[in-house]
Amino acid sequence: MDIIRLSCDKKEYLSLLLLGDEQESMIDRYLDRGEMYVGIHDNTAICVCVVTTETGFFEIKNLAVDPRFQRKGYGRMMLEEIKRIYSGHKLLVGTGETPSTLQFYNKCGFVYSHRITDFFTINYNHIIIEDGIILKDMIYLKSDNTATNHVTTPER
């Protein structure tokens with residue numbers, strides 16, 4: 001899989017982005033200010049990741065893999081590349097509290113950081129159900145290999 005960084009036409013990948021964040025108005029909050037990466041395999045976009053610069057850290061706002069390519073290592077490859085690009089920096093990801101998602105991030109070297117109570121119920125205009133679980137709180141995980149928490153533009 002080749003991973004490319006996009007600087008324009010990010011909405012071309014809306015169908016993939018909606019897999020990781022199912023409300024377009026929420027995606028609109030971060031898409032323009034985030035760095036977007038697309039995983040390409042056989043000339044097909046199979047995964048996306050959006051990373052934003054926040055005060056004191058970088059945040060993965062969206063990570064999604066086309067369902068036809070899930071459970072084949074592409075999400076992990078994308079995440080490993082993101083960790084490489086942003087190495088030496090504090091890297092967070094927020095997600096719902098589902099065992100499969102938390103297990104995926106744990107296997108990729110992320111550990112629990114904190115929780116935002118009622119994030120999904122306050123910020124989304126509909127109930128979000130993932131793996132049969134109604135999402136309520138946002139669980140934040142951090143990369144366990146961060147050495148600093150200052151923000152500079154990573155080299156690409």
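Nothing fancy with the numbering, it's 1 onward along the sequence.
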Is it the case that atom CD1 in I134 sees more than 12 heavy atoms from other parts of the structure closer than 6.0 Å? no

Crowding at CD1, I127 (>12 non-hydrogen neighbours, <6.0 Å): no

Looking at K72 and D66, is any side-chain nitrogen of the basic one under 4.0 Å from a carboxylate oxygen of the acidic one? no

Pair up each side-chain donor or acceptor in residues 104-111 with any protein partner under 3.5 Å, not counting sequence neighbours, and list the distances.
{"from": "N106", "atom 1": "ND2", "to": "F110", "atom 2": "O", "distance (Å)": "2.8"}

Validation row: [X], [Y] side chains within 4.5 angstrom (heavy atoms):
X: N62; Y: Y30; result: yes
X: L91; Y: I60; result: yes
X: N123; Y: R29; result: yes
X: L102; Y: L141; result: yes
X: L135; Y: T98; result: yes
X: E22; Y: E130; result: no
X: Q23; Y: I128; result: no

Euclidean distance, [Y] [atom2] relative to [X] [atom1], rounded to 0.5 Å:
X: T101; Y: D131; atom1: OG1; atom2: CG; value: 6.0 Å
X: L92; Y: F57; atom1: CG; atom2: CZ; value: 5.0 Å
X: F120; Y: H126; atom1: CZ; atom2: NE2; value: 10.5 Å
X: F58; Y: T52; atom1: CZ; atom2: OG1; value: 9.0 Å
X: F119; Y: K136; atom1: CZ; atom2: NZ; value: 14.5 Å
X: M78; Y: C49; atom1: CE; atom2: SG; value: 6.0 Å

Assess the residue pair R33 and K61 against the criterion (side-chain contact (heavy atoms from CB on, under 4.5 Å)); give the C-alpha distance rounded to whole Å, side-chain angles, the decisive distance to 0.1 Å, and a yes or no. CA-CA 11 Å; R33 66 185 183 86; K61 292 286 193 178; 3.9 Å; yes

Using only atom types and a distance under 3.5 Å, with no angle test, would you say the side chain of [X] pairs donor to acceptor with the backbone of [Y]?
X: E97; Y: D137; value: no
X: K10; Y: L31; value: yes
X: E35; Y: V51; value: no

Could you walk me through whether L63 and L79 pass side-chain contact (heavy atoms from CB on, under 4.5 Å), step by step? CA-CA 8 Å; L63 175 64; L79 200 51; 4.2 Å; yes

Going by the side-chain contact (heavy atoms from CB on, under 4.5 Å) test, name the single residue among K11, M26, M36 that passes it with L17. M36

Any donor-acceptor pair under 3.5 Å linking the side-chain atoms of E59 with those of Y140? yes

Does the plane of the ring in H41 sit parallel, tilted or perpendicular to the ring in F69? Use 30° and 60° as the thresholds. perpendicular

